[in-house]
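Just passing along the structure, written as structure tokens.
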Amino acid sequence: MKRLMSVLKDDGVEQSLITIIRTILAASKELSFRISQGELSGVLGSTLDENIQGEQQKTLDVIANQLIKELLAEEADVKSLASEEEEHIVPVNETGKYVIAFDPLDGSSNTDVNALIGTIFTIFPAIDDLAADDWKQFNREGSEQVCAGYVLYGPSTMLVLSTGKETRGYTLDLTHGGYLLTHPVLTIPQMTNEFAINMANQPHWHLQTQQYIQDILGGDKTYNMRWNAAMVGDVHRILFRGGIFIYPKDRRPQYIEGKLRLLYEAFPMAMLVENAGGKAIDGNFSILDKRLDTLHQRVPVILGSTCEVELYKSSKSND
Ligand code: FDP
């Protein structure tokens with residue numbers, strides 16, 4: 001089995017980008033170890049603080065953020081960082097070639113129940129004539145990403161990564177401590193009978209989502225519902241088995257633009273899904289064509305098997 005580094009070299013990824021990916025993964029290995037120790041590691045539970053999104057922070061959110069930030073801050077080729085857990089962007093190095101955004105711990109509500117959680121990240125080329133502390137470093141379109149990936153801390157730790165070509169899957173080999181290529185090309189099956197949505201939000205949905213769910217449940221095909229409460233877990237299943245993941249906007253004031261964050265959740269997942277032959281939209285438009293307007297901007301996310309995403313898109317949306 002090939003090691004990650006030789007796959008990246010064969011894919012023609014430039015050395016400075018490889019070094020940054022390696023650094024993120026060094027943090028992921030440390031996190032994987034601590035998470036696997038569960039209660040014994042002393043990293044579970046909540047802090048008494050809230051993050052910038054007004055959500056209660058878990059101890060692991062804070063540790064993961066600190067670890068990734070500190071390791072990346074030592075890299076000469078990193079210009080700026082953005083994180084779900086940081087209100088503002090973090091300037092690193094004026095001459096850095098890349099800017100990186102990450103969700104240090106996706107699916108926080110799963111940490112205390114020993115269920116799926118992950119780290120999501122995205123990398124853009126830095127803009128030379130903007131300072132490292134200028135948030136416009138991230139005022140970008142999804143299609144400008146040069147690398148997107150996530151690490152899933154599950155029964156095994158897996159990395160799913162794309163540097164512009166195929167979306168590939170790697171498994172952390174605990175015997176030598178490196179990621180090995182176990183899934184050279186991930187291709188999302190087009191036909192599916194699985195959907196992932198938080199059905200408890202149904203009373204608040206707009207017509208498009210109501211219509212789509214009503215149509216598939218009332219149609220000839222039998223569907224199954226799956227919900228991990230962690231986007232990484234749901235997207236991972238879809239990359240392997242097909243299906244559709246929906247986190248729509250709804251009528252509640254705090255969900256007017258959905259729940260998920262465009263920069264460090266929707267952009268990277270959209271790149272991984274589209275490079276695996278699937279589709280990712282906000283209901284009408286491609287997520288990769290969207291431009292980030294504010295650092296922690298939210299967006300509705302509908303992604304997965306192309307046919308199913310197209311079906312959602314064509315559902316009535318006149319409200
Ligand atoms: P979490 O808040 O636990 O970090 O990132 C947002 C997210 O998890 C997604 O990973 C997940 O899909 C979603 O929120 C879960 O939302 P619900 O609370 O509606 O289940």
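Counting convention: from 1, in listed order, for ligands and their atoms alike.
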Quiz item: With sequence neighbours left out, what residues match Thr209 under side chain to side chain donor-acceptor pair (under 3.5 Å)?
Solution: Tyr312
Quiz item: Counting from 1, what ligand 1 atoms have a heavy atom of Asp106 closer than 4.0 Å?
Solution: 5 (O), 9 (C), 10 (O)
Quiz item: Should the pair Asp103-Arg261 be classified as a salt bridge under the 4.0 Å nitrogen-to-oxygen rule?
Solution: no
Quiz item: Quick check: does Asp234 get an N/O under 3.5 Å from an N/O on ligand 1?
Solution: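 For ligand 1, there is no N or O atom that lies under 3.5 Å from one belonging to Asp234.
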Quiz prompt | Leu260, portion touching ligand 1 at heavy-atom distance under 4.0 Å | solution = side chain
Quiz prompt | Whether Arg261 lies under 4.0 Å from ligand 1, heavy atom | solution = yes
Practice problem: Would you indicate whether the side-chain heavy atoms of Lys313 and Ile281 approach each other to under 4.5 Å? | Solution: yes
Self-check item: Proximal ligand 1 atoms for Glu265, defined as those under 4.0 Å from one of its heavy atoms
Solution: 5 (O), 6 (C)
Self-check item: Results of side chain to side chain contact (heavy atoms under 4.5 Å, CB included) for Arg226 - residues two or more places apart only
Solution: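 Arg226 satisfies side chain to side chain contact (heavy atoms under 4.5 Å, CB included) with Glu194, Asn224, Arg237, Arg241 only.
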Practice problem: Say whether Gly107, considering both its backbone and side-chain N or O atoms, lies within less than 3.5 Å of an N or O atom on ligand 1. | Solution: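 Yes, since at least one N or O of Gly107 sits under 3.5 Å from an N or O of ligand 1.
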Quiz prompt | Main-chain N/O of Ser28 paired to Ser32 side chain as donor or acceptor, under 3.5 Å | solution =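 Looks like no, no N/O pair under 3.5 Å.
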Quiz item: Do any nitrogen or oxygen atoms of Asn198 come within less than 3.5 Å of a nitrogen or oxygen of ligand 1?
Solution: yes
Self-check item: Proximal ligand 1 atoms for Ser108, defined as those under 4.0 Å from one of its heavy atoms
Solution: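 So the atoms of ligand 1 that pass are 1 (P), 3 (O), 4 (O).
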Exercise. Indicate yes or no: does an N/O atom of Asp103 lie under 3.5 Å from an N/O atom of ligand 1?
Key: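 Between Asp103 and ligand 1, no N or O pair is found under 3.5 Å apart.
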Quiz item: Can you find a heavy atom in the side chain of Ser80 that is under 4.5 Å from one in the side chain of Trp135?
Solution: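 No, too far: nothing below the 4.5 Å cut-off.
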Quiz prompt | Residues Lys69, Glu85: salt bridge by 4.0 Å N-O rule | solution =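 Looking at Glu85 together with Lys69, the answer is no, because their closest N to O distance does not fall below 4.0 Å.
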Quiz item: Would you say Met231 has any N or O atom under 3.5 Å from an N or O of ligand 1, going by distance alone?
Solution: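 There is such a contact, yes.
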